[in-house]
2 protein chains.
Amino acid sequence: MGVTSTVEENAESVDEEVLEELNEKLSVYMDKNGLRSTSQRRVVTDVFFRSTGHLSIEELLAMVRERDPKIGYATVYRTLKLLKDCGIAYERHFGDGVSRYEIALEDEHHDHLICLECGKIVEFENDEIERLQDELAKKHDFTLKRHTHELYGVCGRCRGKKN
Amino acid sequence: MGVTSTVEENAESVDEEVLEELNEKLSVYMDKNGLRSTSQRRVVTDVFFRSTGHLSIEELLAMVRERDPKIGYATVYRTLKLLKDCGIAYERHFGDGVSRYEIALEDEHHDHLICLECGKIVEFENDEIERLQDELAKKHDFTLKRHTHELYGVCGRCRGKKN
DNA sequence: CTCGATGCAAATGCTTTGCAGAAAA
DNA sequence: TTTTCTGCAAAGCATTTGCATCGAG
């Protein structure tokens, strides 16, 4: 498959205010569940919160090890599972067999356009599609919980390269 | 995850005419690529062509072994890869880690509504969503190749059971 | 005869888990 | 202290692959 990098359009990480919200939410969840704040978890979550895009465990591990080379990959897996469980991270699958993680911001939802050549990922939001989905669910008497919607194609730059 | 069965609404297998078309298409592809028609392949493709729904390798293997218990699972994997390559089968992923296969009919495209409780899969087609997807791709300068669109929720029957 | 196909078992790649030692609370 | 967490290696799983043998053409 083509998802080798996670270059983004509009790639900007969250600001300090949002970062604090994320840490607060995490802290509340951990307190509530008797979980402990360890140096490894702090490194992993901080790296993730300051990151941009849709990162694989491997990519996260590399970044994490720049700060603490001793951290094992099982810890990264476990910490991202934790973030997923408390609703701070979305786990995405773009068809290449690896899980990718992205920050789940409150009141924000988007889907993805993925370039099969260079792996560029563009986020999109479309209220009309969301509305049509709700309509479809209603028509078939389903209570919608979540959805996946990915468009795969070739981006303009990659198309250009081939000519 | 909840995708344990592949019960369908409107579950009807293809008629003899379509079955013949599928076999013809396969035959042409195999000739063109110097592939051989073996008894195992004939069993696997026939089972698949007469099937309904979204079958996993495991489910297909069980059906195949009713006809020929000696067929190995690698053969089923390899044969479904062949069907996928010649455009006769779609490979689907509904989030439970197994690949599922369904017959790819000409000029027909649909997406899926999946019940997280009972695994029921309902197919839907929505031209307006398709149109909006094309529009989005155009807007971001992508040439669309394919997409995935799955709605996960709880079906009416399962919702009823809980009350 | 040739070369593709099969069946088995081993290998792969991602992810999860068991466990003994480390470290939060 | 007690209980959770970590790091490592081993285990799990779905899928793929190497190889000797089989069989289609």
Side-chain angles (χ1 to χ4, degrees), chain A residues 1 3-4 6 26-47 54-62 64-65 67-86 89-101, chain B residues 1 3-4 6 26-47 54-62 64-65 67-86 89-101:
Chain A
M1 297 273 162
V3 185
T4 51
T6 52
L26 175 58
S27 171
V28 167
Y29 180 89
M30 296 202 358
D31 282 358
K32 197 176 301 180
N33 293 80
L35 305 177
R36 292 171 185 179
S37 175
T38 64
S39 72
Q40 293 93 329
R41 272 187 185 163
R42 284 190 296 273
V43 171
V44 175
T45 57
D46 194 63
V47 160
H54 308 78
L55 300 166
S56 65
I57 293 292
E58 191 175 289
E59 289 165 335
L60 282 163
L61 181 61
V64 160
R65 284 192 170 161
R67 289 215 220 158
D68 180 349
K70 295 205 200 331
I71 293 179
Y73 67 99
T75 299
V76 180
Y77 271 107
R78 286 188 274 230
T79 305
L80 273 115
K81 180 175 184 348
L82 159 59
L83 293 177
K84 193 175 55 167
D85 290 346
C86 70
Y90 288 127
E91 189 177 62
R92 307 284 192 188
H93 297 103
F94 295 141
D96 61 351
V98 309
S99 297
R100 290 169 188 281
Y101 299 85
Chain B
M1 298 274 163
V3 186
T4 51
T6 52
L26 175 59
S27 171
V28 167
Y29 180 88
M30 297 205 353
D31 282 357
K32 197 176 298 177
N33 293 80
L35 306 178
R36 293 172 184 176
S37 176
T38 64
S39 71
Q40 293 92 331
R41 272 188 186 162
R42 285 190 296 273
V43 171
V44 175
T45 57
D46 194 63
V47 160
H54 308 78
L55 299 165
S56 64
I57 293 292
E58 192 174 289
E59 289 165 335
L60 283 164
L61 182 61
V64 161
R65 284 192 169 160
R67 288 215 220 160
D68 180 350
K70 295 206 199 333
I71 293 179
Y73 68 100
T75 298
V76 180
Y77 271 107
R78 286 188 275 231
T79 305
L80 273 115
K81 180 173 182 347
L82 159 59
L83 293 177
K84 192 175 56 170
D85 290 347
C86 70
Y90 288 128
E91 189 178 63
R92 308 284 192 189
H93 297 103
F94 295 141
D96 61 351
V98 309
S99 297
R100 289 169 189 281
Y101 300 86

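In what follows, chains are A, B, ... by sequence order, proteins preceding strands, each numbered from 1.
- For C:dG4, its base never sits under 3.5 Å from the side chain of B:R78 at any donor and acceptor pair.
- Rounded to whole Å, atom P of D:dA14 lies 12 Å from atom CD1 of B:I57.
- Regarding contacts with the backbone of C:dT15, a side-chain N or O of A:Y77 is found under 4.0 angstrom from either OP1 or OP2.
- A 6.0 Å sphere centred on CD of B:E58 holds no more than 12 heavy atoms belonging to other residues, nucleotides or ligands.
- Nucleotide C:dT16 holds its P atom 11 Å from the CG atom of A:D85, rounded to whole Å.
- Between B:A74 and A:H93, the residue anchored nearer the 5' end of DNA chain C, judged by the nucleotide with its closest heavy atom, is B:A74.
- Evaluation of atom-type donor-acceptor distances gives no pair under 3.5 Å for the side chain of B:R41 against the base of C:dG4.
- Note on B:S37: only backbone sugar-phosphate atoms sit closer than 4.0 angstrom, heavy atoms only; bases stay farther off.
- Side chain of A:Y73, nearest nucleotide from C:dT16, D:dT6, D:dA14: C:dT16.
- The CD1 atom of B:I57 lies 5.5 Å from the OH atom of B:Y77; values are rounded to the nearest 0.5 Å.
- One atom, CG of B:L55, and another, P of D:dA14, lie 16 Å apart when rounded to the nearest Å.
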Given the rule in the side chain to side chain contact (heavy atoms under 4.5 Å, CB included) test, do A:S99 and A:Y101 qualify, once you have shown the distances and angles that lead to the verdict?
CA-CA 7 Å; A:S99 297; A:Y101 299 85; 3.7 Å; yes
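- For the pair B:I71 CD1 and C:dC8 C1', the interatomic distance rounds to 15 Å; values are reported in whole Å.
- Summarising the geometry, the separation between CD on B:Q40 and C1' on D:dC22 is reported as 9 Å, rounded to the nearest angstrom.
- Spacing between atom CD of B:E59 and atom P of D:dT15 amounts to 12 Å, rounded to whole angstrom units.
- Map B:E91 and B:R42 each onto its nearest nucleotide of DNA chain D; the residue landing nearer the 5' end is B:E91.
- For the pair B:T38 and D:dA24, the criterion of a side-chain N or O lying under 4.0 Å from OP1 or OP2 is not met.
- Of the inter-residue distances, the one linking B:L82 atom CG with B:M30 atom CE reads 6.5 Å to the nearest 0.5 angstrom.
- Counting only heavy atoms from C-beta on, A:L35 has its side chain closest to D:dC5 among D:dG7, D:dC5, D:dA14.
- Rounded to an integer number of Å, the gap from CG of B:N33 to P of D:dG25 is 15 Å.
- Distance, A:L61 CG to C:dC14 P: 13 Å, rounded to whole Å.
- Counting non-hydrogen atoms under 4.0 angstrom, A:K81 reaches nothing in the nucleic acid.
- Residue side chain A:R36 reaches the base of D:dT3 through a donor-acceptor N/O pair under 3.5 Å, judged by distance alone.
- B:K81 NZ: 12 or fewer foreign heavy atoms inside a 6.0 Å radius.
- Distances were taken from every side-chain heavy atom of A:S99 (C-beta onward) to each of D:dA14, D:dA24, C:dT15; the shortest belongs to C:dT15.
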